[in-house]
4 protein chains.
Amino acid sequence: MSVFTVLTKLSISMIAGTRYYSKIGFIGLGNMGGHMAINLLKKGYKLTVYDINESVMTNLAEAGASCVSNVTEISRETNVIISMLPSNQHVLDVYTSKNGVLSTAQKNVLLIDSSTVDPSVSQLIALQARKRNLRFIDSPVSGGVNAAKDGTLTFMVGGTEMDFNDAKPILEALGSKIVHCGDVGMGQAAKLCNNMLLAISMIGTAEAFNLGQKLGLDAKILANVVNSSTGRCWSSDLYNPVPGILPNVPSSKNYEGGFGTTLMAKDLGLAQSIATRTQAPIPLGSLAHQIYTTVITQGFSNKDFSVIYQFFKGKN
Amino acid sequence: MSVFTVLTKLSISMIAGTRYYSKIGFIGLGNMGGHMAINLLKKGYKLTVYDINESVMTNLAEAGASCVSNVTEISRETNVIISMLPSNQHVLDVYTSKNGVLSTAQKNVLLIDSSTVDPSVSQLIALQARKRNLRFIDSPVSGGVNAAKDGTLTFMVGGTEMDFNDAKPILEALGSKIVHCGDVGMGQAAKLCNNMLLAISMIGTAEAFNLGQKLGLDAKILANVVNSSTGRCWSSDLYNPVPGILPNVPSSKNYEGGFGTTLMAKDLGLAQSIATRTQAPIPLGSLAHQIYTTVITQGFSNKDFSVIYQFFKGKN
Amino acid sequence: MSVFTVLTKLSISMIAGTRYYSKIGFIGLGNMGGHMAINLLKKGYKLTVYDINESVMTNLAEAGASCVSNVTEISRETNVIISMLPSNQHVLDVYTSKNGVLSTAQKNVLLIDSSTVDPSVSQLIALQARKRNLRFIDSPVSGGVNAAKDGTLTFMVGGTEMDFNDAKPILEALGSKIVHCGDVGMGQAAKLCNNMLLAISMIGTAEAFNLGQKLGLDAKILANVVNSSTGRCWSSDLYNPVPGILPNVPSSKNYEGGFGTTLMAKDLGLAQSIATRTQAPIPLGSLAHQIYTTVITQGFSNKDFSVIYQFFKGKN
Amino acid sequence: MSVFTVLTKLSISMIAGTRYYSKIGFIGLGNMGGHMAINLLKKGYKLTVYDINESVMTNLAEAGASCVSNVTEISRETNVIISMLPSNQHVLDVYTSKNGVLSTAQKNVLLIDSSTVDPSVSQLIALQARKRNLRFIDSPVSGGVNAAKDGTLTFMVGGTEMDFNDAKPILEALGSKIVHCGDVGMGQAAKLCNNMLLAISMIGTAEAFNLGQKLGLDAKILANVVNSSTGRCWSSDLYNPVPGILPNVPSSKNYEGGFGTTLMAKDLGLAQSIATRTQAPIPLGSLAHQIYTTVITQGFSNKDFSVIYQFFKGKN
């Protein structure tokens, strides 16, 4: 970065007062994005929002956001654009289509994609962004809808040091933990690896607790043993899939809320895809993917992913 | 242990009525049992020992144990018998054969089997023991050779409340944590469920870290993300399979020491067997079993079970 | 075998006319055994039968069999005993218990166990039989209830050449194919290996046909391709799991009849057990076992094993 | 198709003598494509060829083909174009890039892609082709290099009835079996489903035969049992993975030749990908994919896919 750029940036920053990036565009106002956008408004950011589904914009209009009817309009008015979209294809469309962000955004705008996608999608967009003097980072989240609402998400960021540093204050309005994971794509990589391990641990926990009980073991005693021993994992000690062991987790609330089997299957599909491309063996990750796919075919698509315990327990 | 402690302990014992269990028999002086027997001697217990392999008794003779040449002699002189044996068959032989413990032990003796076996083996022996006025508990351990040496094992005990309470002071000479898991067999059940989950978590951790690195992610950054997130497990945060992340674990010492793939395969075989009997689905546990079986066929039988990371990483 | 024995045997054989072994005992008259016993009567054998469930003997009494009330009585009157029992434990009980076949049968009697059990169970019984001058072969069957009824079973026999030859004429009354697979236990080994491969092929066929149809492919066209190509297997060309492809298979009759998921799970459990003992990796066999175990927990326990196709297809 | 078109077509056809499509372009002259192109020349077709690797065109020049240096030149001179390429990306590049086939081919040209790719790639190209008045069919092959050489490939074709009929005579110059599988993409679907089932059967066969032998069973006896029973499959009866059972298969020639593990892993990756997209569970297919991925990491990448038997058998 040249001295000139630094100075320019600083002066813009000073002119803008405490916030360099005061005009933020937000694309994708679903379960997660809606809450995130509200939090930005609450923190005083000026926000322009867009969603393909007009009805979800009403809330945000009431909360003070400008609502626009396409991506191009977002691009016109903002110096940061955040997106939160459901799939590779949606992200590719929003960024790389004819009137997409990459074609319409102004120079030097910082693009922050918080969708969970294939790291190669992030890398492809970043490459094209650079050619157009745009800056792109991937920053998928963990924590789910409640964390989105409470502003306590974890962001796993891939991008340059400078882009990370510039995004950090904004992301801090939305999350309690912002981790720089490396170059573009590494946020996605970290998230997908973590979630694959999560799925494996959860299924393993469900298998172990179902088996233990079939043998006559009390589930609370087993939890006590496992959580102070080598089998300990987040799924056993903070999100136990057996109803009644922990009070405020989905398993104790009929598997409502939480992180749905469909979302887990989606993340496992992405993990599978990158493992195939890099020829990395993931036998358990792959089987976990198949198990969640099967669970969905058996009618558990609206339940938290810890419902796998009920699936193993079976009928009667 | 200071002289004072010993005296105190003895006097308490006398006050309590001559320390009920002062004469202990120990059968099976392998890698684990040898250290456990030594620790009992150090704590002042009078010990009679037996192993089918005479040579391993020399150490114990030097440390003050009486060495005998068969199970019957153990039975003659002791009011507690502890066994630490490698398989279902060994345990059945020692307890139920013609001159085995059940036929030769004196009435009311407390039998403590610390071997890891099928819970139904423990239950079968307990049933026969009761018929002969003998008391039997299963108390498999976790912690490995180092914990056996340091007297910091965890004991997972199955048996009546009374038998557990009587065994507890003795086991406290050998371990730092003594958990009552329920009736006879439940110690085994807890251990096998825990170890199955351990194997699953370890393989999952290895898959996630290998995949992450193939994508370009730094293993230490991934460890940082996972260990403060939902993928966290003992295998990632205290026993990471990637060399160089944690200093004193087998992966950083060429996968030497630790818990061997062969022992893990054995425990998974037992878990598989009880799952088959109880018709509990364990898809990941079962695949973990197959993975360790395969890893052994590929020449990793002498390595710690975290070597699975190297297996996935492959040759170049 | 001495010359004398051979001569004696021949002469007895000649005295008896065409059949040396005219007095047969039959233990276990369930779905399979009942039909087999009837067929022996039809072929002119004198039959003494026993089943723990008295009611199933009525049919056989009507057909001309002598019914007795315990194993000892079977032993008293017969020079061949055939057993057809549901599990390792039943077989061990019938043969090795205090008043079991091994203790009560007359010298030189030929014992034919057609149950499907662990080869080591057959080998254990054979060893004890030899000590008591009894002859034992394992001869599990394939073909199911219809083949048992029609006398078209396949017998996979493990035992000596002589015992095989002596058993063959009797088995030919029950089956159309009698294969000598090697020493005792090898009949079981062959059956379990075949059935494991069958389960794998069936699940694979179900996966391929469900996937093809989800992609828009016509199932009959796919059957045509697969059955004349490298994917061809018995499950695709003679027992296709998709309703309507073949007329007289369970899939075209609401998955009624045929070979139940529970029986398949039992055989896979035995295959799993011997694979664990011999440390042979069977990743697909093991997962097939888990899949059938899961399918049973989901309520498909009374269906033919080809119902796995419906399980994958799922509930809309 | 209007009457006029039919008549025109017929007249051209008649003018050309027996062959309407006498000028064929061929793109991709690798292990498979090279042999296919030679066979077209032998059958009297006029051929223009292109491969990104110039050196592989020498052979074809000698055999009488016109060699050109890019896709555009192929398009200029031909009324049928056949492609045989290694991956989704190669196919997309050749057809949809700026100077690709779709932009440069003349109206009504028949495009035949014999590559094995994701059916959605075929469908995407067909859609774009139609917009430009081009005709596209997918016709992946089975049979391997030897069948390519001998002109005995099987073609699985997806496309309209008319396009299939027009392609058939040409494909008959290259293969002995031409199957119409449905609309565009269905050739790929059929091939991938078949090959997934093939991989599953092969691994299952390897597991069963390794297990049988570990139990003491003779492999030839097991083959005899399986091949006349319910475990029968192409992998057991025509391509047995145990050396010495069949004379002319890769297992009897140190696993040289045949269908490499890398190609199988590629096809399984495609099957995995379409299963993920259609949410079809493929637990065994997915595990088969992981097994071949693992086998490749262990150094078996240059061997026939039946080498999986050696992998299970292990070292020593």
Side-chain angles (χ1 to χ4, degrees), chain A residues 119 142 154 156 177 179-183 185-186 189-198 200-201 203-205 207-212 214-218 221-222 224-226 228-236 239 271 274-275 278-285 287-288 291 311-312 314, chain B residues 119 142 154 156 177 179-183 185-186 189-198 200-201 203-205 207-212 214-218 221-222 224-226 228-236 238-239 271 274-275 278-285 287-288 291 312 314:
Chain A
S142 78
T154 294
M156 289 155 276
K177 193 169 171 194
V179 189
H180 190 198
C181 298
D183 289 339
M186 293 307 104
K191 167 154 186 191
L192 295 175
C193 289
N194 180 76
N195 278 18
M196 183 178 81
L197 182 49
L198 167 61
I200 292 169
S201 305
I203 298 172
T205 301
E207 292 181 10
F209 277 75
N210 182 47
L211 174 59
K214 292 248 181 178
L215 292 164
L217 192 55
D218 182 86
I221 290 174
L222 180 56
N224 182 32
V225 169
V226 164
S228 59
S229 182
T230 52
R232 173 179 56 76
C233 58
W234 183 89
S235 295
S236 70
Y239 208 86
I274 55 182
T278 57
Q279 303 189 292
I282 52 162
L284 295 194
L287 183 50
I291 289 171
F311 181 72
F312 290 143
Chain B
S142 78
T154 293
M156 288 155 275
K177 192 167 171 195
V179 189
H180 189 198
C181 297
D183 289 339
M186 293 307 104
K191 168 154 186 189
L192 293 176
C193 289
N194 180 76
N195 278 18
M196 183 178 81
L197 182 48
L198 167 61
I200 292 169
S201 307
I203 296 173
T205 301
E207 291 181 11
F209 277 75
N210 183 46
L211 175 59
K214 291 246 182 180
L215 292 164
L217 192 54
D218 182 87
I221 289 173
L222 180 56
N224 182 33
V225 169
V226 164
S228 59
S229 182
T230 52
R232 173 179 57 77
C233 58
W234 183 90
S235 295
S236 69
L238 288 182
Y239 208 87
I274 56 182
T278 57
Q279 302 188 292
I282 52 161
L284 295 194
L287 183 50
I291 289 170
F312 290 142

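The structure displayed is predicted, hence computed values, not measured ones. Reminder, nothing fancy here: chain letters follow the sequence lines and each chain counts from 1.
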Hey, which of [options] has the most heavy atom pairs under 4.5 Å with chain B?
options                        : answer
A:A288, A:C181, A:A275, A:A271 : A:C181
A:T154, A:L197, A:T230         : A:T230
A:S201, A:G285, A:G182, A:P283 : A:P283

Pick one of side chain, backbone, both or neither for [X], based on which atoms fall under 4.5 Å of a heavy atom in chain B.
X      : result
A:L198 : both
A:N195 : side chain
A:L284 : both
A:M156 : side chain
A:K177 : side chain
A:I291 : side chain
A:S142 : side chain

Under the criterion side chain to side chain contact (heavy atoms under 4.5 Å, CB included), I'd like the reasoning laid out for B:L238 against A:R232: C-alpha separation, chi angles, the key distance, then a yes or no.
CA-CA 11 Å; B:L238 288 182; A:R232 173 179 56 76; 3.7 Å; yes
Nearest-0.5 Å distance that lies between atom [atom1] in [X] and atom [atom2] in [Y]:
X      : Y      : atom1 : atom2 : value
B:E207 : A:I200 : CD    : CD1   : 4.5 Å
B:I282 : A:K214 : CD1   : NZ    : 12.0 Å
A:M186 : B:L222 : CE    : CG    : 11.0 Å

Please rank B:N224, B:T205, B:D183, B:L192 by heavy-atom pairs under 4.5 Å with chain A and give me the top one.
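Heavy-atom pairs under 4.5 Å are most numerous for B:T205.
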Of all heavy-atom pairs between B:N210 and A:A280, which one has the smallest distance, and what is that distance?
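It is ND2-CB, 4.0 Å.
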Closest non-hydrogen atom pair, A:N194 against B:G231
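What the structure gives for the nearest pair is OD1-N, 3.0 Å.
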Side chains of B:V226 and A:C193, heavy atoms from C-beta outward: is any pair under 4.5 Å?
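Heavy-atom side-chain distance check fails, nothing below 4.5 Å.
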